[in-house]
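Since the structure comes first, as structure tokens, the remarks are kept for the end.
Positions are given from 1, in the same order as the sequence printed here. Note that ligands are numbered from 1 as they come in the structure, with each ligand's atoms numbered from 1 the same way. Note that the coordinates shown come from a computational prediction; the quantities given were computed from them, not determined experimentally.
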Amino acid sequence: MEILKIDHLGIAINSIEDGKKFWTDVLGLACEGTETVEPQQVTTAFFPVGESEVELLESTSPEGPVAKYIDKRGQGIQHVAFRVKDIEAALSELKAKGVRLIDEIPRKGAGGARIAFLHPKATGGVLVELCER
Ligand code: ZN
């Protein structure tokens, strides 16, 4: 599998409106805009940082995966996303290696990316996202 770079860090937050002030006013990063991905019950805001980005994640529902994550572990880094050249090839390679996947088939993420998550039980506790853009 060819990993090109860390695409973004996903950070779970109660409110993008309140939470983005640190990233914009304090760190001076620009917000690329927000987008709601309804099937994942999440609103995202991206802040480009050099070759990578910070992604803030706010749940649109108390039942959403990001809300559940915050209930369990509090706000903070929720996932690491690697950009891969070919997401299907990466998933079939991982499957062949016996790695437990959350998504066996890529789904649609923010910004038109195709994404898939690996199970944290297979990665030493880190929720890993693969994305292809
Ligand atoms: Zn992400």
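Applying the 6.0 Å contact sphere to CZ of Arg73 captures no more than 12 heavy atoms from other residues, nucleotides or ligands.
Remark: Glu132 engages Arg114 in a salt bridge (Lys or Arg N to Asp or Glu O under 4.0 Å) (not counting sequence neighbours).
Near the Zn ion (ligand 1), less than 2.8 Å away, sit the protein N, O or S atoms His8 NE2, Glu55 OE1, His79 NE2, Glu129 OE1.
With hydrogens and angles ignored, the 3.5 Å screen pairs no side-chain donor or acceptor of Gln78 with any backbone N or O of Val66.
Listed by first and then second residue, the ring pair (Phe, Tyr, Trp, His ring centres under 6.0 Å) pairs that reach into residues 55-78 come to none, sequence neighbours excluded. Applying the ring pair (Phe, Tyr, Trp, His ring centres under 6.0 Å) test to every pair with at least one member in residues 102-133, sequence neighbours left out, gives these pairs: His79-Phe117.
Nearest heavy-atom pair across Ile87 and Ala116 is CD1-N, 3.8 Å.
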